[in-house]
Protein chains: 2
Amino acid sequence: MRPREFDHDDVLRIAFDQFWRKGVRGTSLSDIARDAGVQRGSLYNAFGSKEALFLQAYERYAGDYFLALQKALGTGSLRKRLTAFFDLTITNFRSGTPPRGCPTTRGLMELGAAEGEGLDEEARQALAGLISRITALVQDALSAGAARGEFNGNAAAAALHIVTVTRGLAVLERAFGDEPQLRKIAAHTIDLLLGRKGG
Amino acid sequence: MRPREFDHDDVLRIAFDQFWRKGVRGTSLSDIARDAGVQRGSLYNAFGSKEALFLQAYERYAGDYFLALQKALGTGSLRKRLTAFFDLTITNFRSGTPPRGCPTTRGLMELGAAEGEGLDEEARQALAGLISRITALVQDALSAGAARGEFNGNAAAAALHIVTVTRGLAVLERAFGDEPQLRKIAAHTIDLLLGRKGG
DNA sequence: GAAGTATTTGACACGACGTCAAGAATATGC
DNA sequence: GCATATTCTTGACGTCGTGTCAAATACTTC
């Protein structure tokens, strides 16, 4: 057995950085190979294909991001939690120079173009899976933080609404790049759900 | 002058059909050329580049779609208008077999991957432009249909919220393909804005 | 009918993905 | 300690995509 000449995790991080900045289709394995100081063929040997590499790099990111969201949604009043949730979401979309947008949304719209392939479906599930997990997380926070009968006892619908708005924010980020606008929409959404005062 | 051997508009329609189904990056000019019965080189001669062709094909679509939305938002009570708006939006996302999703959102996330090119920016503006125009349209409908002081006199924020939700619906469509879910979110959004009963 | 002009056509250059066989470097067995 | 087996690396190759160009073609106009 010959040992790897590169660190598996390093490559994953370098690859995801590129995927995030330039999109999956806009990133070539040559780019990643150059950046990581690895031969292109070695990437195929270690990860299988470009989409498989993206998938693994994405799972890495998704795990970290989910934990951060969990933390943001876990403390304080319901309004505080939702504010922290939207803040983290928007800050994430606007991170980097230039802002990199939402990798989940981006990947979701980018992949699975053709006719229904095998690996594409796996990637779609990974991306959609994070959205599902976030929705469940928000729903828990709503249920836990709902003192009175807010949401008419339907935290599931409210959580889905909130997550839908965040997906919309990801799209608007890319369309206009107007961060204050995104934050206004977020604040408006919270007010809409909790009322303009308490929470 | 030698005359064209193909119809400019036909090619635009055929091209957009492919772009819509398979995405911009997932569609090759060879595909379009074959489908349209035109030589690939002729497309370059007539439209300049793949993105320019997409841009022209998209403008065609956007014009038609905007008119349909205008019609949906122009009649009946405010609730009726919004219901028709969401219905048209979702129906559009779910048209085709398999459902093609939202071409605007898809295009927005797909394009402009690299570093800031020329034509990409033009396409981004075209795609973002439709979103802006739709927002203005919704805002007009809200202002016109608002009998009482709904939205606290802030129809702009409400319109932006609505459009944000539609963009989110486009993403969820692609993530889960669950049309009833989309319609539930839409109904929930309307209730949230107008209250559960009147409108 | 001849000249001019725009379109078509096919070849070309380039870059991307993915595959493969041959070479290189380490672990294991004797 | 050395040979062998196993894995990784490396470079060449095939295929397909975009975009360019010069030559051929077909119409319009004088």
Side-chain angles (χ1 to χ4, degrees), chain A residues 1-12 14-16 18-19 21-58 107 110-123, chain B residues 1-12 14-16 18-19 21-58 107 110-123:
Chain A
M1 301 240 303
R2 176 177 177 175
R4 288 247 162 81
E5 293 184 358
F6 58 90
D7 184 273
H8 201 265
D9 264 28
D10 284 351
V11 170
L12 247 40
I14 290 170
F16 190 72
Q18 303 238 3
F19 284 139
R21 284 191 288 109
K22 306 185 294 185
V24 178
R25 287 220 161 81
T27 303
S28 74
L29 284 199
S30 307
D31 291 343
I32 296 171
R34 187 174 345 101
D35 234 59
V38 171
Q39 210 72 17
R40 205 167 54 88
S42 296
L43 295 179
Y44 279 100
N45 177 58
F47 300 101
S49 71
K50 183 180 175 180
E51 286 204 12
L53 171 56
F54 170 71
L55 202 63
Q56 293 179 53
Y58 178 77
E110 227 181 348
L111 291 171
E115 320 278 80
E117 297 137 41
L119 202 55
D120 263 0
E121 182 55 23
E122 201 177 334
Chain B
M1 303 238 302
R2 177 176 177 175
R4 288 246 160 84
E5 293 185 358
F6 59 89
D7 184 273
H8 200 265
D9 264 29
D10 283 351
V11 170
L12 246 41
I14 291 169
F16 190 72
Q18 303 237 3
F19 285 138
R21 283 192 288 111
K22 307 187 294 186
V24 176
R25 286 221 161 81
T27 301
S28 74
L29 283 199
S30 307
D31 292 341
I32 296 171
R34 187 175 346 99
D35 234 58
V38 171
Q39 209 71 18
R40 204 168 54 89
S42 296
L43 296 178
Y44 279 99
N45 177 59
F47 301 101
S49 73
K50 184 181 174 179
E51 286 204 14
L53 171 57
F54 169 71
L55 203 62
Q56 294 179 53
Y58 178 77
E110 227 181 347
L111 291 172
E115 319 279 80
E117 298 138 40
L119 202 55
D120 264 1
E121 182 55 23
E122 200 177 334

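So that the names make sense, note that chain A is the first sequence line, chain B the second, and so on, each numbered from 1.
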*Nucleotides bounding contact with chain B, strand DNA chain D, heavy-atom threshold 4.0 Å*: D:dG17 to D:dT28
Whole-Å distance separating the [atom1] atom of [X] from the [atom2] atom of [N]:
X	N	atom1	atom2	result
B:Tyr44	C:dA13	OH	C1'	13 Å
B:Lys50	C:dA16	NZ	C1'	13 Å
A:Leu53	C:dA16	CG	P	15 Å
B:Arg40	C:dC12	CZ	P	14 Å
A:Ile32	C:dA16	CD1	P	12 Å

Measuring from [X]:[atom1] to [Y]:[atom2], what's the distance to the nearest 0.5 Å?
X	Y	atom1	atom2	value
B:Phe47	B:Ile32	CZ	CD1	9.0 Å
B:Leu55	B:Leu111	CG	CG	9.0 Å
B:Leu29	B:Ser42	CG	OG	11.5 Å

*OP1, OP2 of C:dT9 versus side-chain N and O of B:Gln39: anything below 4.0 Å?*
yes
*May I ask you to say what B:Phe47 touches in the nucleic acid, namely base, sugar-phosphate or nothing, with a heavy-atom cut-off under 4.0 Å?*
nothing
*Which part of the nucleic acid does B:Ser42 contact within heavy-atom distance under 4.0 Å: base, sugar-phosphate only, or nothing?*
base
*asked:* Test side chain to side chain contact (heavy atoms under 4.5 Å, CB included) on B:Gln56 and B:His8; report intermediate values, then the result.
replied: CA-CA 10 Å; B:Gln56 294 179 53; B:His8 200 265; 3.7 Å; yes
_From CA spacing to verdict: side-chain hydrogen bond (donor to acceptor under 3.5 Å, both in side chains), A:Asp31, A:Ser28_ = CA-CA 5 Å; A:Asp31 291 343; A:Ser28 74; 3.3 Å; yes
*asked:* Using the rule given for side chain to side chain contact (heavy atoms under 4.5 Å, CB included), can you reason through B:Val38 versus B:Ile14, listing the C-alpha separation, both sets of side-chain angles and the distance that settles it, and then say yes or no?
replied: CA-CA 11 Å; B:Val38 171; B:Ile14 291 169; over 6 Å; no
*Could you walk me through whether B:Phe6 and B:Gln39 pass the side chain to side chain contact (heavy atoms under 4.5 Å, CB included) test, one step at a time?*
CA-CA 10 Å; B:Phe6 59 89; B:Gln39 209 71 18; over 6 Å; no
*In terms of the angle between their ring planes, are B:Phe16 and B:Phe54 parallel, tilted or perpendicular, with boundaries placed at 30° and 60°?*
parallel
*Mark up nucleotides 20-30 of chain C, 5' to 3', with B wherever a protein heavy atom is under 4.0 angstrom from a base atom, S wherever such an atom reaches only the sugar-phosphate, and - elsewhere.*
---BBBBS---
*Side chain A:Arg25, main chain B:Arg25, donor-acceptor under 3.5 Å*: no
